[in-house]
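Reckoned from all heavy atoms, side chains included, excluding hydrogens, waters and symmetry mates. Positions are given from 1 along the sequence.
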Amino acid sequence: MAAFHLAQLNVGITKGPMDSPIMAEFANNLDRINALAEASPGFVWRLQDEDGNATALRPFDDDTLVNLSVWESADALKAYVYQSAHADIMKRRREWFIKMFKAHLVLWWVPAGHRPSTDEARDRLEHLHTHGPSPHAFTFAKIYEPTTA
């Protein structure tokens, strides 16, 4: 077993409440896309509430959805994000989410078995905003290798 897994957080500011017409198609695809993630090679864990998704969890503010998950490797996460049906939904994100001008995705390595909290994830995203990419918080543009530091 690998000593480290890759954690990812991505956030989006919704264009309306989850039960609004503008968010309906996004909401209707959640179960399918979440099931696809869980069935994907390299998937380890994802944040979810009692309904099986994380839309009720709002650790940032009332309008910001979070997706927090852990993967065995960067390659496994990339394959899910860019080479599965998830990519089709991601291409449509502007229909449901406001364009963000700061990073909305952050990656970081965690010890295998660790499940990051939303506070930890928020800290990593804020670190990326403040300091730019580093081994502590990075993006797909430059993936750092895991370190013990």
Side-chain angles (χ1 to χ4, degrees), residues 1-15 18 22-60 63-100 102-129 131-149:
M1 180 167 99
F4 292 94
H5 287 156
L6 187 68
Q8 75 80 33
L9 168 74
N10 68 74
V11 299
I13 301 169
T14 61
K15 289 186 172 181
M18 284 302 293
I22 198 164
M23 296 301 293
E25 235 182 307
F26 176 79
N28 290 339
N29 278 288
L30 268 177
D31 289 342
R32 178 177 66 87
I33 297 302
N34 286 337
L36 177 63
E38 290 176 352
S40 294
F43 172 84
V44 175
W45 170 88
R46 70 180 175 85
L47 177 69
Q48 57 184 299
D49 61 23
E50 60 277 353
D51 292 329
N53 61 58
T55 59
L57 306 173
R58 304 294 175 102
F60 288 76
D63 298 324
T64 302
L65 293 185
V66 299
N67 177 292
L68 177 59
S69 61
V70 176
W71 296 77
E72 289 178 356
S73 68
D75 288 341
L77 177 58
K78 276 181 164 178
Y80 166 71
V81 170
Y82 298 114
Q83 299 169 359
S84 74
H86 175 270
D88 296 329
I89 293 294
M90 191 175 66
K91 289 175 189 169
R92 298 180 59 199
R93 67 187 173 273
R94 297 286 178 255
E95 294 176 35
W96 309 300
F97 297 95
I98 294 169
K99 181 175 173 114
M100 296 180 71
K102 286 183 171 182
H104 57 86
L105 167 83
V106 64
L107 308 172
W108 71 101
W109 296 103
V110 296
H114 176 71
R115 303 298 178 254
S117 69
T118 55
D119 287 342
E120 176 185 346
R122 179 182 28 240
D123 290 347
R124 297 291 178 144
L125 185 60
E126 289 173 1
H127 189 276
L128 180 64
H129 289 164
H131 303 287
S134 70
H136 187 74
F138 51 93
T139 68
F140 281 123
K142 178 166 177 33
I143 297 172
Y144 290 81
E145 293 300 314
T147 65
T148 57

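- Evaluation of the salt bridge (charged side-chain N to carboxylate O under 4.0 Å, His left out) rule for Glu38 yields Arg46 as partners, not counting sequence neighbours.
- Scanning for side-chain contact (heavy atoms from CB on, under 4.5 Å) contacts around Ile13 gives Asp63, Thr64, Ile98, Met100, with sequence neighbours left out.
- Judged as a side chain to side chain donor-acceptor pair (under 3.5 Å), the pairs with a partner in residues 102-111 (not counting sequence neighbours) are, in order, Trp108-Glu120.
- Ala121 and Leu9 get closest at one heavy-atom pair: O-CD2, 3.6 Å.
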Audit row: His127, Val106, side chain to side chain contact (heavy atoms under 4.5 Å, CB included) steps and yes/no: CA-CA 9 Å; His127 189 276; Val106 64; over 6 Å; no
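- Within the structure, the side chain to side chain donor-acceptor pair (under 3.5 Å) test picks out the following pairs touching residues 68-84 (sequence neighbours left out): Gln8-Ser69, Ser69-Trp71.
- Shown here are the salt bridge (charged side-chain N to carboxylate O under 4.0 Å, His left out) partners of Asp119, two or more places apart in sequence or in another chain: Arg122.
- Closest heavy-atom contact between Ala2 and Ala112: O-CB, 3.3 Å.
- Contact check for His5 versus His114: no side-chain heavy atoms found under the 4.5 Å cut-off.
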CA sep, side-chain torsions, deciding dist, call: Val110, Arg124, side chain to side chain contact (heavy atoms under 4.5 Å, CB included): CA-CA 12 Å; Val110 296; Arg124 297 291 178 144; 5.8 Å; no
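- Residues forming a side-chain hydrogen bond (donor to acceptor under 3.5 Å, both in side chains) with Asp123 (at least two apart in sequence, or on another chain): none.
- Between Ala37 and Phe43, the closest heavy-atom pair is O-CB, 3.2 Å.
- Under the side-chain hydrogen bond (donor to acceptor under 3.5 Å, both in side chains) criterion, His129 pairs with no residue, sequence neighbours left out.
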Derivation of the side chain to side chain contact (heavy atoms under 4.5 Å, CB included) call for Trp96 and Lys15: CA-CA 6 Å; Trp96 309 300; Lys15 289 186 172 181; 5.8 Å; no
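- Val81 and His86 get closest at one heavy-atom pair: O-ND1, 3.1 Å.
- Remark: Phe138 CZ to Glu145 CD distance equals 8.5 Å, nearest 0.5 Å.
- Side-chain contact between Arg93 and Asn10 is absent, with no heavy-atom pair separated by less than 4.5 Å.
- In this structure, the ring-ring contact (aromatic ring centres under 6.0 Å, His included) partners of Phe97, at least two apart in sequence or on a different chain, are Phe26.
- Residues passing the side-chain hydrogen bond (donor to acceptor under 3.5 Å, both in side chains) test with Thr55 are Asn53, sequence neighbours excluded.
- Not counting sequence neighbours, the partners of Arg92 by the side-chain hydrogen bond (donor to acceptor under 3.5 Å, both in side chains) test are Glu25, Glu95.
- What you find for Ala74 and Ile143 is that their closest heavy atoms are CB-CD1, 3.7 Å.
- Take Arg115 and apply the salt bridge (charged side-chain N to carboxylate O under 4.0 Å, His left out) test, not counting sequence neighbours, and it matches no residue.
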Test side chain to side chain contact (heavy atoms under 4.5 Å, CB included) applied to Leu57 and Leu68, step by step: CA-CA 11 Å; Leu57 306 173; Leu68 177 59; over 6 Å; no
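- Residues Leu105 and Thr139 come closest through the heavy atom pair O-CG2, 3.8 Å.
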